[in-house]
Amino acid sequence: MGILENKFQDNVVVASMDKLLGWARSTSPWFFQFGLACCAIEMMATAASRYDLMRIGMIPRSSPRQADVMIVAGTVTMKMSLRVKKLYEQMANPKYVIAMGSCATSGGPYWQYGYHVLKGVDLVVPVDVYVPGCPPRPEALIEGLLKLQEKIQAERPLTKKIA
Amino acid sequence: MSEDQDKYIAEVVEKALRGDMDAINNIEDRVTRSKAKAALIKAKRLSKTAAAEAAPAEETAQTDTTLTEKSLNQKVAEALAKKFSGSIDSEDVNEYIQLNGKNWFEIAQYLKDNPDLLFDSLQCITGFDFGEGEALEVRYNLHSMTHYHAIEIRIKTDRNDPKVPSVEQVWRIGDWFERETYDMYGIVFEGHHNMTRILCPEDWEGWPLRKDYETQETYHGIIVPKVKEGWE
């Protein structure tokens, strides 16, 4: 911190606003609580007491307006894809998407012949982190969430972007 | 006392052999009850050996009755031919009954209400596609909770204008079954109160389980049969 070092009393931390915002955002990414298929069971297990998502600051929210992260857990059918898009649009910025499981990343087992399945949720909404697995274990999902936290922390919301 | 007891046990065992096991189970005294049970087992063993000796004669008698006895399908087909003439398509009714769709609603009501048939449960409606240029078919599996018997009804319908009378008002579960068959095969059930798709989106094109089905290219601007480049 260079010139600001030792200029204040104890218990005062000096940081750049950018980093502070990144830190605050990354440590409380509330997630949107909805599941589409078997992956949702693993997501529920992740949120339950054994793996306890609360310890990394993740609280399930039932409304897209209050959520920061959308975990697309499961098979997205063509019928559901429009709804997923609408839900994503209803979320407030900044918003992030995790594609959980092989169905959400690429269509999974319905890759070739599933006429009714969206071949990856990234055709509809921008995805930040892909978590492979069918379904991924809670550890894998937590790994994905930590990756997302890293990504959020590295963001510089106040820094002007040079186009 | 013991003579009385022997007599009583013999009586009870006879009752049990006729199918009334409660006669033994209701004996209060434990010793008498176990004696009665032992006697019953002995009596059964005796009758079994006797039956084994008499078995060959009995077997031939049984096969004779099955030959003469009409199967349920034949009975139903005969009743339908009598009551609704001209509704049965095929003579062969051994495995299923082929109807032509005429009067199907009335026939369904008859099958459900007739006290000898009482098909009170529609277990399944299946659509069927025989391939290009061939007909579509609907298959109904009926079951009776009272008589514990079941039949299969098949109705063929034209591929270009598939129409079958609805039985939704007869069996309420037919509502969703018929909607699913409509969703997958495009078979219209006439008289259904809400003939819309049930699984696919309302504005989906084509009938997915038909053999000549081709997936649409886009749905609301989203590519459907997408194979991402560079992923394989």
Side-chain angles (χ1 to χ4, degrees), chain A residues 34-40 64 70 72-91 95 97-134 136 144, chain B residues 124-132 134 136-138 159 162 175-189 192 194-232:
Chain A
F34 82 107
L36 300 176
C38 29
C39 278
M70 184 162 80
V72 184
T75 317
V76 188
T77 57
M78 296 311 292
K79 198 176 185 177
M80 192 64 195
S81 63
L82 301 179
R83 276 86 168 164
V84 168
K85 196 176 177 188
K86 187 174 269 179
L87 289 172
Y88 177 77
E89 282 162 0
Q90 283 174 347
M91 284 164 67
K95 50 193 173 184
V97 177
I98 291 179
M100 178 184 180
S102 50
C103 289
T105 47
S106 69
Y110 313 100
W111 167 258
Q112 204 167 358
Y113 299 110
Y115 63 91
H116 62 299
V117 174
L118 186 69
K119 307 293 183 292
V121 75
D122 51 2
L123 291 170
V124 185
V125 294
V127 176
D128 293 282
V129 177
Y130 297 89
V131 181
C134 189
Chain B
C124 190
I125 294 181
T126 314
F128 207 92
D129 185 358
F130 284 97
E132 210 171 317
E134 301 278 332
L136 297 173
E137 193 174 72
V138 192
R159 184 183 197 79
D175 182 355
W176 281 14
F177 281 165
E178 283 175 356
R179 276 179 70 189
E180 191 185 352
T181 316
Y182 168 74
D183 196 354
M184 293 294 147
Y185 292 92
I187 297 167
V188 176
F189 291 86
H192 193 288
N194 180 25
M195 194 83 268
T196 52
R197 285 181 183 273
I198 191 171
L199 296 170
C200 289
E202 303 83 60
D203 49 357
W204 195 252
E205 292 162 22
W207 314 108
L209 287 191
R210 281 204 196 179
K211 296 219 165 140
D212 55 1
Y213 174 67
E214 271 174 32
T215 317
Q216 61 193 70
E217 287 295 310
T218 57
Y219 175 70
H220 286 258
I222 305 163
I223 300 160
V224 178
K226 165 97 173 177
V227 175
K228 284 176 198 166
E229 283 138 32
W231 271 53
E232 278 172 307

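Naming convention: chains lettered A, B, ... in sequence-line order (proteins, then strands); numbering from 1 in each chain. No experiment lies behind these values; they were computed from the predicted model shown.
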Between B:Tyr219 and A:Leu118, does a side-chain contact (heavy atoms from CB on, under 4.5 Å) hold up when you go through it step by step? CA-CA 10 Å; B:Tyr219 175 70; A:Leu118 186 69; over 6 Å; no
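Taking every heavy atom of both residues into account, B:Ile223 and A:Leu123 meet most closely at O-CD1, 4.3 Å. Listed here is the closest heavy atom pair of A:Tyr115 and B:Val224: O-CG1, 3.4 Å. When all heavy atoms are compared, the tightest approach of B:Ile222 to A:Met78 is CG2-CE, 4.0 Å. Nearest heavy-atom pair, B:Cys200 versus A:Lys79, reported as atom, atom and distance to 0.1 Å: O-NZ, 3.6 Å.
The environment of CD in B:Glu214 is sparse: at most 12 heavy-atom neighbours from other residues, nucleotides or ligands sit within 6.0 Å. For A:Tyr110, the OH atom counts as loosely surrounded, since its 6.0 Å shell holds 12 or fewer non-hydrogen atoms of other residues, nucleotides or ligands.
For a residue to count as touching a neighbouring chain, one of its non-hydrogen atoms must lie under 4.5 Å from one of that chain's; by this rule B:Glu202 touches chain A with the side chain only.
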